[in-house]
Amino acid sequence: MTKHAKIVEVGPRDGLQNESVAVATADKIAFVNRLSEAGHMAIEVAAFVSARRVPQMADAAEVFAGISRRPGTKYAALVPNVTGLERAIDAGADEAAIFAAASESFSRSNINQTIAESLDTYRTVCARASEARLPVRAYVSTAFGCPFEGAIDPAAVATVSAALMDMGAYEIAISDTIGIAHPGQIGPLLNEVTRRVPIERIAFHFHDTRGTALANVLMALQLGVTAFDASAGGLGGCPYAPGATGNLATEDLLYMLDGLGVETAVSLAKVLDASTFIEEKVGHPLASRYATAHKAARAR
Ligand code: MG
């Protein structure tokens with residue numbers, strides 16, 4: 001198994017975007033700073049999207065302006081189009097993230113575009129990002145299942161992944177949007193996708209909605225994948241199962257990786273500091289099993 005893995009911390013963006021409580025700009029900044037102090041090399045800070053559609057991300061530029069940048073850490077912004085990318089460049093983002101779906105009906109429902117139309121948009125985004133020397137990372141959503149179509153053919157995931165790589169994305173984050181993936185899907189999906197995309201350029205974005213996220217990571221590690229998304233505390237619910245758990249918690253992932261001797265350079269104790277801080281701000285207990293156990297032990 002690999003000796004090193006990369007964690008992409010998505011709590012400030014994917015996490016907070018899916019929380020119903022509005023978090024103050026200063027608290028978002030303090031949260032990102034704590035995540036930087038934890039040693040994260042990659043943090044998705046905010047999204048430059050429509051403030052009307054996604055009010056949680058309306059202060060993205062202010063958050064970027066307020067954070068303390070740790071040398072070596074990449075601070076990324078999610079962008080849906082060139083307008084978003086220009087805002088991300090102006091804000092000083094180190095990297096842009098784009099998102100396409102593997103499911104046609106999800107694409108239409110989520111962004112009102114066919115997959116092909118969204119890829120056309122992202123081709124323009126990637127061209128402009130390249131001009132601005134901004135690396136682009138791409139998510140492929142609904143890769144393991146779609147709320148409308150059910151099962152998704154791994155070949156469809158491979159096709160979208162290859163298109164995103166060909167237009168310039170350096171890493172493809174294959175994402176379990178509805179938290180349905182199980183370890184039996186990882187091998188068949190990788191078999192298909194690695195015919196088109198080298199395994200070093202594949203990351204996984206798992207949700208723990210059905211309790212399978214860590215098992216999926218372990219399977220993926222054994223098959224040679226070394227990059228994983230996670231969210232401090234497990235911040236962010238599941239938009240397709242209200243009340244259910246979403247993102248894999250960074251603490252839970254780190255506890256397993258640390259135990260396996262897989263190095264990440266990220267401090268579990270300091271991620272816990274960050275999630276404890278943000279838990280107070282979102283006003284409900286976060287889903288991380290590690291954090292829950294830690295709190296229970298301290299309360300004894
Ligand atoms: Mg997510």
Side-chain angles (χ1 to χ4, degrees), residues 6-20 23 28 31-32 35 40 42-47 49 53-54 56-57 60 76-80 95-103 106-107 109-111 137-147 152 157 160-161 164 169 171-182 185-186 189 202-217 220 225 227-254 271 274-275 278 282 284 286-289:
K6 176 176 98 170
I7 297 179
V8 176
E9 170 60 54
V10 299
R13 201 287 299 171
D14 191 14
L16 289 180
Q17 183 171 331
N18 290 301
E19 292 288 340
S20 48
V23 172
K28 292 179 182 176
F31 179 43
V32 173
L35 293 168
H40 273 298
I43 303 175
E44 199 172 270
V45 171
V49 291
R53 275 196 66 189
V54 188
Q56 292 94 326
M57 293 287 117
L78 188 82
V79 304
E95 193 175 304
I98 57 178
F99 50 99
S103 149
F106 186 83
S107 184
S109 154
N110 190 37
I111 55 176
R137 185 171 195 259
Y139 292 100
V140 176
S141 61
T142 57
F144 294 91
C146 165
I152 294 295
V157 180
V160 175
S161 299
L164 291 163
E171 187 167 83
I172 310 297
I174 298 176
S175 307
D176 181 19
T177 310
I178 56 174
I180 204 166
H182 60 77
Q185 288 178 286
I186 309 303
L189 183 127
I202 295 173
F204 277 117
H205 180 112
F206 290 124
H207 285 187
D208 203 30
T209 314
R210 288 167 179 80
T212 51
L214 281 179
N216 294 333
V217 171
V225 174
F228 300 94
D229 294 3
S231 165
L235 197 63
C238 180
Y240 297 90
T245 301
N247 293 307
L248 168 61
T250 312
E251 298 94 314
D252 300 2
L253 175 60
L254 276 170
V271 171
S275 69
I278 203 68
V282 298
H284 65 84
L286 295 181
S288 164
R289 306 292 278 271

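Atoms considered below: every heavy atom in the structure, side chains included; atoms not considered: hydrogens, waters and symmetry mates. If you read the sequence from its start, that first residue is 1, and numbering goes on from there. In listed order, ligands and their atoms are each counted from 1.
Partners of Ser288 under the side chain to side chain donor-acceptor pair (under 3.5 Å) rule, at least two apart in sequence or in another chain, are Asp252. Legend: residues meeting side chain to side chain contact (heavy atoms under 4.5 Å, CB included) with Ala203, ordered by chain and number and at least two apart, are Arg137, Glu171, Ala173, Ala227. Looking at residues two or more places apart in sequence or on another chain, you find a side chain to side chain contact (heavy atoms under 4.5 Å, CB included) between Pro80 and Val49, Phe99.
If you check the side chains of Glu251 and Ser275, you find a donor sitting under 3.5 Å from an acceptor. A donor-acceptor pair shorter than 3.5 Å can be found between the side chains of Asn247 and His207.
Heavy-atom minimum distance, Val10 versus His205: CG2-CE1, 4.1 Å.
Note on the Mg ion (ligand 1): protein N, O or S atoms under 2.8 Å away count 4, no waters included.
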